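Working notes, structure below.
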There are 2 protein chains.
Amino acid sequence: MTSDPTPVRPVEVDRTSPVPLYYQVATRLQELIESGEIGVGDRIENEVDLADRLGVSRPTTRRAIQYLVERGMLVRKRGVGTQVVHPKVRRPVELSSLYDDLIAGDQRPRTAVLSLKVVPADAKVAAALNLVPGAEVTLIERLRYAGDEPLALMHNAIPLDILDFKHEELEVRGLYELLRRAGRVPRMATQVIGARNATMAEANMLGEKRGASLLTMARTAWDDRGRALEYGSHLYRASRYSFELNLSAG
Amino acid sequence: MTSDPTPVRPVEVDRTSPVPLYYQVATRLQELIESGEIGVGDRIENEVDLADRLGVSRPTTRRAIQYLVERGMLVRKRGVGTQVVHPKVRRPVELSSLYDDLIAGDQRPRTAVLSLKVVPADAKVAAALNLVPGAEVTLIERLRYAGDEPLALMHNAIPLDILDFKHEELEVRGLYELLRRAGRVPRMATQVIGARNATMAEANMLGEKRGASLLTMARTAWDDRGRALEYGSHLYRASRYSFELNLSAG
DNA sequence: GTCAATACTTTGTCCTGACAAAGTCTTGTG
DNA sequence: CACAAGACTTTGTCAGGACAAAGTATTGAC
């Protein structure tokens, strides 16, 4: 015996809006769940009835539900129904930079550009960016602060034809923001997260002691068309930063 | 001027098979891309023609393509077409355990169960597992080896009603494998990855020196119905292990 | 009462058809 | 030649219908 499904209250869709119907429905459902009107464990109304009541087709309703399933809010089971499993959207790991993360967390990031130069790519960078060895890249070294505390030491290599950087801009905006503004939208990335002990030089720059634990993150990002945009090799103070991920298995 | 789209060679779908059509189509496309018959950067045939030629409907074709888009192989653009951006599927972060990873990497894992007991959950564990404080959980402490080298020190807490563990089984099988066999399938997890320096005791167990950098990973896993299955707090030798992730932005 | 067969509910797959929106290419005008 | 208007291509959204498959609940036989 399962409890009766919670009927979704008057949801009106706006057919004059440019926002897709399925998205309107998904958003409304998401609100109801986030606000707690539909609680975790509750079953929502079945697709057919819901579609009828909203005045949209079943495929549209299915698509809305699918959208929330992919975000980890709902779980469907054939013959059973659709249940709420989590009260807020769990986004998969974000493709954003530390700068964006800090902005989102109200941390007043500040960036010092330590060096900015064009050099031939070394073997590792060339391999990561899929360039011929010796091709020129922009090498950037930055130190990022959160408030007044240093947080991360970042090294990036960007192929020359992707974008040419201005020192001043990099102090004010994040690398990913600059890339996006230039129409180089990162779409995919592979990351490797590890850790090691700080060298003396690294410790000094980051305000840690020699040997302190540092998180390492190496990332290559690609755009739409599969062009490598950026290779980054970063060091984070483990005492101040960690990576959060949400995983879901299909 | 873009090059002409690569036509997909004779693909026949099998309507007697229980495998969904969209999945058959997606699999076939994936093979063509992985084998290199359709190269990175190539455009594939448009949805309408492809559907016609395969003898399936356009929604079915779209669904197949969508499947590969979500896996980072293809990119679609309205008015332009669908392009190959990556020659193999990039799965999002896997919901698997270290044991599975090692098996997949041919590393002959071995596990020593250091302790296995039932105790009341402390505040942190109770919060992570969404239990009332004081509810009983199984606490497991294990040391994992890859070959002969110690690799990770793992602490897990599992609510009593999820599964009761036998010492011998844990030595032979991974925790996630046992959960799955018991019908407790992990569906979702949140992880936090950080790092810190090893204490003397940790260093001794892991065969590192005191102060060596360790990767920390804390994870809570949920099943289908949103029940918390497991809270794990693990330590990895940073000198021997790192986390790899693939990210993609919608 | 127990257990298997049956009916019912609900999601999964698939089809056809239609129009909208965003790019790209062509064409014609100044 | 430059540039804007329009034609064309291609993906995006949406409808409505049909049947399949997997659970759940009910019923009936023993």
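Because the structure is a prediction, the values reported are computed rather than measured. To find a chain, count down the sequence lines: A is the first, B the second, and so on, and within it residues start at 1.
- Not a single donor-acceptor pair under 3.5 Å links the side chain of B:Glu230 to the backbone N or O of B:Ile158.
- In the region residues 55-63 of chain B, proximity to DNA chain D at under 4.0 angstrom, judged on heavy atoms, holds for B:Arg58, B:Arg62.
- Counting only distance, with no hydrogens or angles, the side chain of A:Gln24 and the backbone of A:Val19 share a donor-acceptor pair below 3.5 Å.
- The separation between B:Lys77 atom NZ and D:dT11 atom C1' is 13 Å, rounded to whole Å.
- Considering only residues two or more places apart in sequence or on other chains, A:Glu169 meets the side chain to side chain donor-acceptor pair (under 3.5 Å) condition with none of them.
- In this structure, A:Tyr67 places its OH atom 15 Å from C1' of D:dG12, rounding to the nearest Å.
- For A:Leu170 against A:Ile140, the heavy-atom pair with the smallest separation is CD1-CD1, 3.6 Å.
- We find that CZ of B:Arg78 is positioned 7 Å from C1' of D:dT11, with the value rounded to whole Å.
- Side-chain atoms of B:Glu171 come within 3.5 Å of backbone atoms of B:Val113 as a donor-acceptor pair (strictly under, hydrogens ignored).
- Remark: A:Thr82 is not in phosphate contact with C:dT10, judged by side-chain N or O atoms under 4.0 Å from OP1 or OP2.
- Between B:Leu68 atom CG and D:dT11 atom P there is a gap of 14 Å when expressed in whole angstrom units.
- One interatomic measurement links the two molecules: CG of A:Asp14 to C1' of D:dT13, which rounds to 15 Å at whole-angstrom precision.
- In this structure, CZ in A:Arg76 is found 10.0 Å from CG in A:Leu68, a value given to the nearest 0.5 Å.
- For the pair A:Pro159 and A:Leu129, the tightest heavy-atom approach, listed with the atom from each and the gap, is CD-CD1, 3.9 Å.
- Of the possible donor and acceptor atoms, none in the side chain of B:Gln191 sits under 3.5 Å from a partner among the backbone N and O of B:Arg219.
- With sequence neighbours excluded, no residue satisfies side chain to side chain donor-acceptor pair (under 3.5 Å) with A:Thr82.
- Using modelled atom types and a 3.5 Å distance limit, the side chains of B:Tyr67 and B:Gln30 yield no donor-acceptor pair.
- What separates CD of A:Glu47 from C1' of D:dA21 is a distance of 14 Å, to the nearest Å.
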Protein-proximity profile, nucleotides 3-9 of chain C, B/S/- by nucleotide at the 4.0 Å heavy-atom cutoff, equals ------B
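- Rounded to 10 degrees, the angle separating the terminal axes of the helix from C:dG1-D:dC30 to C:dG30-D:dC1 is 10°, with each axis obtained from five end pairs.
- Judged by distance alone, the side chain of B:Asp49 and the main-chain N or O of B:Asn46 form no donor-acceptor pair under 3.5 Å.
- In the region residues 15-22 of chain A, proximity to DNA chain D at under 4.0 angstrom, judged on heavy atoms, holds for A:Arg15, A:Pro20, A:Leu21, A:Tyr22.
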